[in-house]
Amino acid sequence: MGREIAILTDFGTGDNYNGVMTGIIRKINREATITYISSESKPFNIYAGAYLLYTSFQSFRKGTIFLVVIDPGVGTNRRALLVRTRHYYFVGPDNGVLYPSIQKDGLLAAYELTNPHIHLGPQISSTFHGRDVFAPAAAFKSLGVPDSSLGSPVDPFSLLRLEFTEEQRGDLRCGVVLFVDHFGNVATSITHLPELGDPIISINGVQHKAKKVRTFGEGLPGELIIYKNSYDFVELGINKGNANKVIDTREGESICLGGYTQGDFSRST
Amino acid sequence: MGREIAILTDFGTGDNYNGVMTGIIRKINREATITYISSESKPFNIYAGAYLLYTSFQSFRKGTIFLVVIDPGVGTNRRALLVRTRHYYFVGPDNGVLYPSIQKDGLLAAYELTNPHIHLGPQISSTFHGRDVFAPAAAFKSLGVPDSSLGSPVDPFSLLRLEFTEEQRGDLRCGVVLFVDHFGNVATSITHLPELGDPIISINGVQHKAKKVRTFGEGLPGELIIYKNSYDFVELGINKGNANKVIDTREGESICLGGYTQGDFSRST
Amino acid sequence: MGREIAILTDFGTGDNYNGVMTGIIRKINREATITYISSESKPFNIYAGAYLLYTSFQSFRKGTIFLVVIDPGVGTNRRALLVRTRHYYFVGPDNGVLYPSIQKDGLLAAYELTNPHIHLGPQISSTFHGRDVFAPAAAFKSLGVPDSSLGSPVDPFSLLRLEFTEEQRGDLRCGVVLFVDHFGNVATSITHLPELGDPIISINGVQHKAKKVRTFGEGLPGELIIYKNSYDFVELGINKGNANKVIDTREGESICLGGYTQGDFSRST
């Protein structure tokens, strides 16, 4: 059972929502080790949050409890979840943000956080379940409280799904933009590059050329480059520059790459 | 006596002032548990800092030491304070930023941090008392050093006051803007909404309509909504949008709500 | 041997790179104490990073391991270093960012992080050595692994040098802009102010007058002020304002001060 709690929120470092959640956790479990995956994921952006969680959870010690509060539906009837997977726990809203990570690690059981005794009482707010529901649940879990004391089992197949799609369309490979980082690098859900030559990128009705590289240093000043990023997704960047100032996209937009040959498709299937 | 230190500053995560303060604290007390309420409260903004502290301190374990460095008067003759309240300690400048929290928890004793032996010596800077005065004081307090060894008692009535005002003017209820968060939600010092119907908001000579809701999800796209926030203050927002792009205000501005009936006023007094 | 790790990166709080590094460290050394000097130093900006490290490392407990990932050359043949100095360890790229701090504390030995057994994974990425090389090295060092098990010795004189220059040119004192903080204060590599009178500042072909002060509070609204900052560098600011909106500079630009007399030069040499 894990003592480490890793937090991902879109609250930002200028507000006190992250601090309040941490205060609540330490009130319940003074010994919890708390790490931020990110304290200011993009506001209301489920794709960005799902990507940040998916690309980081395996860097954490087994047993870590992930506390994810990217929750534009707070106060509506979206469910508050605790999910146990093969190596971790995930606490957060049932809006898809947890889904790719849960699916990757392997879901074992899911619970809705319905037990009012673990909520911050006597009455929870309508706008800050991070404080009133999710942080207490993660903190009690870190103390070893059994899953079934935190909520009621839910059908794993009922969870809202969010998937990082990648598909072949003729000689194109298409996916979605998963994340634009603060350097302006654009990560996509595509996982294969053409073996030979440089791909053509189609996004938002515009085509771009990009040089296929292994490291940023291979890019000339201002030149769009494309590479497998450190999380094994295809990403666009500019060496010491901001690629998204050129391609001007956002999370969730469709993107296609051309320039594959028959060999690429047989290799990657 | 508390081992936990909760920090609130306007230093930002791009500078090293927060890191330096943390280094100093850990030099003095290796075992201190350090949490940030916010590491980048709005620069020089006493109202915003006072609001962030006021709305978060009770989420922390009793005995927590709050180290607050929002200090535009650093180097002038404003006093550096240690204040003991019923459940907590507060360390910071005497500029009002601590005042609403101290008043709420109940002041027991106040000290000016005059003891040069606890300052970072031999000579303190004129511009960074966070490092040279406040962080050492909080760290020594976390080790259990008695209050009277850190400074000299001051008259509690001499503290600079900052109050979150709310008053009735005819059939209006008026207060000030306390905080605009990074989602663009606008929190006010007003604590009651009309029981019936939606209020009219007057701010900066302009009137706005807002729908009274309990959760963000009740707001239509782009629609201004008004609700009691999770800290029990009346707040303006837009579901998945930025309310302050519409009302364009800042901390400290006056705001009035109309639409109350006689019943509201008798209930809330 | 140090258990404390202090991190400086340009990753930002909106991405997950900092969180991933922290996860990796805690996987290797559950007990490590982790502090951020800054989690979002300016992207690709070696000067800014070098300044933030230089002005903060001595605030940390002796034995602290500094993990610095400002690394625009990631994936190229720039070396990954572990450097032991008189009181600390420094882990980071050989691009100058560590250099002023190493030089100040006194270099004892330098190693290139060549041991593949301490790298993450069967194959390290080309774009995220923070996760794959630097964080594991810092974590193993915090467990007491001997320097020579982490890499191979390198000639200390081969390290890439970055120096904070200050020189006399006629009756001017010239240096470079080291850092513009988020308040807009502009720190320079100059360390002496004229004893008498206010200096004239020349930067970018433009001259500015600034009032020599000891504290921000001595500046009138909008007035450019100049002072020794809390790190003993000459800095330009505006009381409760943003000096860089006036002088519009950036790290690395030349700056000269006039207004010195013969007495200043004899005193400061």
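Naming: A, B, ... by sequence-line order, numbering from 1 per chain.
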Below 4.5 Å from any heavy atom of chain C, which atoms of A:S39 appear? Answer side chain, backbone, both or neither.
both

Only one of A:I190, A:V176, A:T249 passes side chain to side chain contact (heavy atoms under 4.5 Å, CB included) with A:I255; say which it is.
A:I190

Just say parallel, tilted or perpendicular for the rings of C:Y17 and C:F11, cut-offs at 30° and 60°.
tilted

C:T22, C:V74, C:T127, C:D132: which one forms the most heavy-atom pairs within less than 4.5 Å of chain A?
C:T127

How are the rings of A:F57 and A:F90 set relative to one another: parallel (under 30°), tilted (30 to 60°) or perpendicular (over 60°)?
perpendicular

Can you tell which part of C:S125 gets under 4.5 Å to a heavy atom of chain A, answering side chain, backbone, both or neither?
side chain

Of the listed residues (A:R214, A:H182, A:E218), which shares the most heavy-atom pairs with chain C below a 4.5 Å separation?
A:H182

Tell me, for C:R131 versus chain A, whether the close heavy atoms (under 4.5 Å) come from the side chain, the backbone, both or neither.
side chain

Between NE2 on residue C:H129 and CE on residue C:M21, distance to nearest 0.5 Å
13.0 Å

Cut-off 3.5 Å, side chains only: do A:Y231 and C:N16 have a donor facing an acceptor?
yes

Contacting region of C:D10 [heavy-atom separation from chain A under 4.5 Å]
both

